[in-house]
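Let me begin by presenting the structure, written as structure tokens, before commenting on it.
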Amino acid sequence: MTNDGLKILLVDDDKIMLFLHDTFLKRSGVLCDTVLCYNGQEALDYLDSNQAMETTFLVLLDINMPVMNGWEFLGAIRDRPYLSKVLIVMVSSATEESEKSRALTFGQVIDYQQKPLTVETCRRIIGSEKLRRFFDNVILE
Amino acid sequence: MSTARQEEFEDRTPVASEIMYHDLFELNPQPMWVYDVETYGILDVNQAAVRHYGFTREEFLGMTILALRPETEIPVMLEAVSIVRKHEQLFSSGIYKHRKKSGALIDVLIQGNIVYVNGRKAELVLATDITSWIASEQERTMSEEKFKAIFDHTTDAIVLCDDNGCCTDLNDASRRMLGYETDELRGVCIKDFMHLPDEIGFDGVWKNFLNGEILNGLMQIRRKDGTLITGSFNSKSNILPGLHMCVITDVTERMEKKRELMASERRFKALVQEGADLIAILDEQGNYQFVSESCYPILGIEPSHLVGKNAFDWIHPDDRETVLALFLKIREHRQIRTEPFRFKDGFGEYRWIVTIATNMTDDPAVGGVVANSRDITDAVEKARDLEISNERYRQQNEQLREIAWTQSHVVRAPLTRLMGLVQLLQSGDTAGMPVEMALELIKSSADELDEVIRKIVSKADKVQNDDE
């Protein structure tokens, strides 16, 4: 069963990591489309071009990326009121608490996770209370 | 001379002795006259009287003796003449005031004797002008009284001694100073209360004194109660034959204050001249009026080299304006404190100085701005070294933070990839990825991780070497 109201964007410049996260996400049981982007700019372009969709986007966002890093992406989203429904989970290899604190100052960031994601982590993200507020019927297998 | 004898002389030629006696009257250098005691009319007068009183002989002979007296003296004269009238023979004498023709009053000693002229009772008068003598006597009396007053009322002790050094007279100040009654000291030798050093014998000193040596200086004097006071004495021998004088001033308190002042000056010197701070007094334009001796050890500049010069000429040009602006506020604020500024020393090098300046121009004992300066060059250099050290540590910290960041991001990138790939392999389903490819990716991630760790170690070594 799919959830047409949700799309998950995986944003990372590391293709292997994108592959792994996409795999683990699907194994976690979520039934929605995933879109793979290699930097923030690609993700932003995708969201801009699909803003008319009756879809809410969940972005799993890496921080350190070329072209547009995660922080720049967050700033760009904040400057686009029409993307206010976009929800973001930061996924970073950084371990500093300061990075996490900084990320959570952005209103659309609902979680911060360290790489690599696991199947269990993906399941917790999708089933989190914060995400449920937006999706009453997040569908899990 | 009796009336009978006088009548006898009138009818014959006078003998030589008579001429001699007449000359004794006529030519006597002292004024003389004869007057009728009943009528006061002047019967005869000699040349000296004419010269001294200024009346001609004819004027005299037409006058009474009343005309020779000032109005105030007339009652006295009448009383004297009334006494003469009562006696047949009387030698009288007295001091009176007479008036010359010029109106000038003179003091005269009148000596009179009763004579008879043509059977009438008269008095021969010898007048001696004692005006100058009385004036000199009055002057002498006043002088004596003045010196007695000085003797009695001076605060200095005056001791008069005889040839043996025994006190013959002392004033009240001596009594107060020595604590004795005057009578107790009369006849006492001054050596009994002079406290001479053991090596100085009184007899030798006294002998030299009597030979004309003037003794003066300080000496210890033992009072009756045994206490010692310090006296400044000045002695003079033979102020009158066999009479010697010693004037003593009690300087005990003065000496004590002098000792206290000297002690105070020594403390001042220790604090100001030999202290670690540079003390100076400047006028309101910043010209040095006084510079403490500590100037040379601190700045290598002789104090005399600074006196009269302007302090701002020694201040570093970059600091001068700031210090000058602050100094000009000394008129509004009694005290100012400078920030550290540079002052050129005697070797041409700049020293870092801080100064507290206090406006004491209103204090006549100071009359200027007191500047208390401290050389803080060493402290400034240490602070600068510390700043450099801190900057080095800051840079090190920056490098360490970069290492930490690298560890966090660069190290963890291949590591997380590795962990993810292992997780994938462990699941038994590689999601379409060939196992060989997964293993190759694990190896490449491990190599990448190895390379990153090597770089971190190398960078850490570099940071340590730079620090050393």
Side-chain angles (χ1 to χ4, degrees), chain A residues 8 10-30 34 36 38-40 60-66 68-73 89-103 112-125 141, chain B residues 390 393-460 463:
Chain A
I8 298 178
L10 296 167
V11 188
D12 200 318
D13 60 323
D14 189 330
K15 291 178 182 174
I16 298 164
M17 197 55 74
L18 273 180
F19 168 76
L20 290 170
H21 286 170
D22 186 39
T23 302
F24 297 152
L25 194 59
K26 284 172 178 162
R27 288 183 183 175
S28 70
V30 66
T34 57
L36 305 185
Y38 297 107
N39 57 58
L60 302 186
L61 180 66
D62 185 24
I63 293 176
N64 294 300
M65 294 176 291
M68 177 183 282
N69 65 27
W71 302 120
E72 291 165 337
F73 176 82
V89 173
M90 304 298 291
V91 182
S92 172
S93 57
T95 57
E96 298 98 319
E97 275 298 310
S98 59
E99 298 275 284
K100 182 178 180 181
S101 300
R102 182 184 174 189
Y112 184 98
Q113 292 292 335
Q114 286 189 358
K115 288 182 185 175
L117 295 175
T118 62
V119 174
E120 185 56 33
T121 309
C122 291
R123 195 170 283 136
R124 277 206 304 272
I125 291 170
E141 279 184 329
Chain B
N390 284 344
Y393 287 130
R394 194 192 63 75
Q395 289 175 359
Q396 273 186 355
N397 282 341
E398 184 65 27
Q399 288 171 315
L400 290 171
R401 202 179 70 81
E402 189 183 334
I403 291 170
W405 190 89
T406 303
Q407 182 194 27
S408 174
H409 297 271
V410 182
V411 173
R412 282 188 58 81
L415 180 63
T416 54
R417 196 185 308 131
L418 249 171
M419 291 163 71
L421 289 165
V422 169
Q423 190 185 157
L424 182 69
L425 286 171
Q426 280 179 332
S427 70
D429 177 3
T430 56
M433 180 186 285
V435 174
E436 293 77 12
M437 185 181 176
L439 291 173
E440 184 57 37
L441 286 172
I442 286 172
K443 183 179 183 305
S444 67
S445 295
D447 289 344
E448 187 182 338
L449 185 59
D450 181 58
E451 180 62 23
V452 170
I453 289 171
R454 286 176 192 278
K455 282 182 181 174
I456 289 171
V457 171
S458 171
K459 191 171 278 187
V463 169

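In this text, all values refer to a predicted model and were calculated from it rather than measured experimentally. Per chain, numbering begins at 1; letters A, B, ... match sequence-line order.
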Quick one: does B/Ser458's side chain have a donor or acceptor within less than 3.5 Å of a partner on B/Arg454's backbone?
-> no

Candidates B/Asp450, B/Ile442, B/Leu449 - the one meeting side chain to side chain contact (heavy atoms under 4.5 Å, CB included) with B/Pro414 = B/Leu449

Go through A/Leu117, A/Thr118, A/Thr23 and name the one with the most non-hydrogen pairs under 4.5 angstrom from chain B.
-> A/Thr118

Rounding to 0.5 Å, atoms CG (A/Leu20) and NZ (A/Lys115) come to a distance of 10.5 Å

Pairwise distance CG(B/Leu439) to CG(B/Leu425) - rounded to 0.5 angstrom = 6.0 Å

With a 4.5 angstrom heavy-atom cut-off, could you sort out which part of [X] is near chain A: side chain, backbone, both or neither?
{"X": "B/Leu415", "result": "neither"}
{"X": "B/Leu424", "result": "both"}
{"X": "B/Thr430", "result": "backbone"}

What closest approach, in Å, do A/Met17 and B/Ala413 show between heavy atoms, and which atom pair accounts for it?
-> CE-O, 4.5 Å

Tell me, for A/Ile63 versus chain B, whether the close heavy atoms (under 4.5 Å) come from the side chain, the backbone, both or neither.
-> neither

